[in-house]
Amino acid sequence: MVTVAEFTVPSGELPSSTVFDRLPGLTVELERVVPTEDVIVPYAWVHGVEVDEVERVVDAFPEEKPHPDLRGIEIIDRVEGDVLLRFEWEADVRGLLRPIAESDVVLVSAVGTADRWHIEVRGEDRATISDFQTRCIENAVPVELVALHSVVPMRTRDDGLLTGAQREALLLAYERGYFRSPREATLAEIAEELGITGQSLGSRLRRG
């Protein structure tokens with residue numbers, strides 16, 4: 001049965017976190033990790049700092065290379081103060097990205113701060129999750145399991161595989177004109193109606 005596991009990991013185990021050690025208060029949210037033939041390319045949303053501070057770090061590359069395994073970094077998009085970055089890593093990149101690329105798990109989410117990362121991975125069964133943990137140990141990555149549960153998808157004609165929170169956020173954003181051009185409502189205004197932060201709303205909309 002499909003299983004989702006949640007882990008906490010020290011911040012240094014994902015190399016993207018080292019890129020912004022100079023920016024206090026930064027939060028990094030991995031959008032996805034895509035293994036290719038010769039490189040691992042993660043996409044990450046960063047928030048908690050001014051956009052121009054992120055731009056300065058990107059512009060300084062490669063003269064200032066904050067991690068030896070980093071091959072490239074660029075800004076893909078800017079949304080309501082959040083920045084979407086594309087990191088390009090060497091194929092033999094160290095840390096948590098290696099076990100993710102080598103195992104059959106799917107990265108569901110990964111949110112990191114200066115203290116630690118909280119990640120969710122999905123496997124076809126518990127054996128897949130166990131294999132991922134074993135690969136972490138082999139790569140000297142100290143992951144700590146904090147939750148493990150089976151997934152039973154509930155599909156209806158109306159809401160597909162959206163969670164209730166995602167469906168609520170998407171519907172309200174649509175009704176308020178957030179997806180129109182020009183926008184008729186801001187992320188902050190919609191988040192206030194839902195009683196959540198703009199950061200949480202942005203995450204729900206992206207995943208939904």
Between CG on residue Leu84 and CZ on residue Arg206, distance to nearest 0.5 Å: 8.0 Å

Could you pull out the closest heavy-atom pair between Tyr178 and Arg183, with the gap in Å? O-CG, 2.9 Å

With Ser130, which residues qualify under side chain to side chain donor-acceptor pair (under 3.5 Å), at least two apart? none

How about CZ on Arg122, more than 12 heavy atoms from neighbouring residues, nucleotides or ligands closer than 6.0 Å, or not? no

Could you check Leu85 against Val58 for side chain to side chain contact (heavy atoms under 4.5 Å, CB included), going step by step and ending with a plain yes or no? CA-CA 9 Å; Leu85 295 175; Val58 174; 4.0 Å; yes

Establish, from distance only, whether the side-chain atoms of Asp131 and Thr134 form a donor-acceptor pair under 3.5 Å. no

What residues form a side-chain contact (heavy atoms from CB on, under 4.5 Å) with Glu192, not counting sequence neighbours? none

Any side-chain heavy-atom pair of Val49 and Val54 under 4.5 Å: yes

Contacts of Leu170 meeting side-chain contact (heavy atoms from CB on, under 4.5 Å) (sequence neighbours excluded), chain-then-number -> Leu162, Phe179, Leu205

Within one Ile-Leu-Val-Met-Phe-Trp-Tyr cluster: Ile196 and Leu172, side-chain cutoff 4.5 Å: yes

To the nearest 0.5 Å, what is the distance between CG (Leu201) and CD (Glu189)? 11.5 Å

Using the rule that Ile, Leu, Val, Met, Phe, Trp and Tyr join whenever any side-chain heavy atoms are under 4.5 Å apart, tell me whether Val51 and Val28 fall into a single cluster. yes

To the nearest 0.5 Å, tell me how far Ile75 CD1 sits from Glu55 CD. 4.5 Å

Examine distances only and state if a side-chain atom of Ser109 and a backbone atom of Leu107 form a donor-acceptor pair shorter than 3.5 Å. no

Between CD on residue Glu120 and CD on residue Glu6, distance to nearest 0.5 Å: 4.5 Å

Is there a donor-acceptor pair under 3.5 Å between the side chain of Asn139 and the backbone N or O of Val141? no

Working to the nearest 0.5 angstrom, can you tell me the gap between His118 NE2 and Thr113 OG1? 11.5 Å

Compare all side-chain heavy atoms of Trp45 with those of Val79 and state whether any distance is below 4.5 angstrom. yes

Any chain of hydrophobic side-chain contacts (each under 4.5 Å) joining Leu194 to Leu187? yes

Between Thr27 and Val111, does the side chain to side chain contact (heavy atoms under 4.5 Å, CB included) criterion hold? Intermediate values first, please. CA-CA 7 Å; Thr27 298; Val111 179; 3.8 Å; yes

Donor-acceptor contact present, side-chain Glu193 to main-chain Ile190, <3.5 Å: no

Going by ring-ring contact (aromatic ring centres under 6.0 Å, His included), name the residues that satisfy it together with Phe132, two or more places apart in sequence or in a different chain. Phe7

All heavy atoms of Leu96 vs all of Pro99, minimum pair found to be O-CD, 3.1 Å

Given side chains that start at C-beta, do those of Asp125 and Val2 come closer than 4.5 Å, heavy atoms only? no

How close do Ala185 and Arg176 get, heavy atom to heavy atom, and via which atoms? CB-O, 3.5 Å

My understanding is that only residues two or more places apart in sequence, or in another chain, count here; which of them pass salt bridge (charged side-chain N to carboxylate O under 4.0 Å, His left out) with Glu74? Arg86

If two hydrophobic side chains count as joined below 4.5 Å and joins carry through other members, does Ile119 share a cluster with Leu148? yes

Going by the rule salt bridge (charged side-chain N to carboxylate O under 4.0 Å, His left out), which residues pair with Glu184 if we only count those two or more places apart in sequence or in a different chain? Arg180

In terms of hydrophobic clusters joined by side-chain contacts under 4.5 Å, are Leu145 and Ile137 together? no

Identify the heavy atoms of Val143 and Cys136 that sit nearest to each other, and give their distance. CG1-SG, 3.7 Å

When rounded to the nearest 0.5 angstrom, what distance separates CE in Met1 from NE2 in His149? 13.0 Å

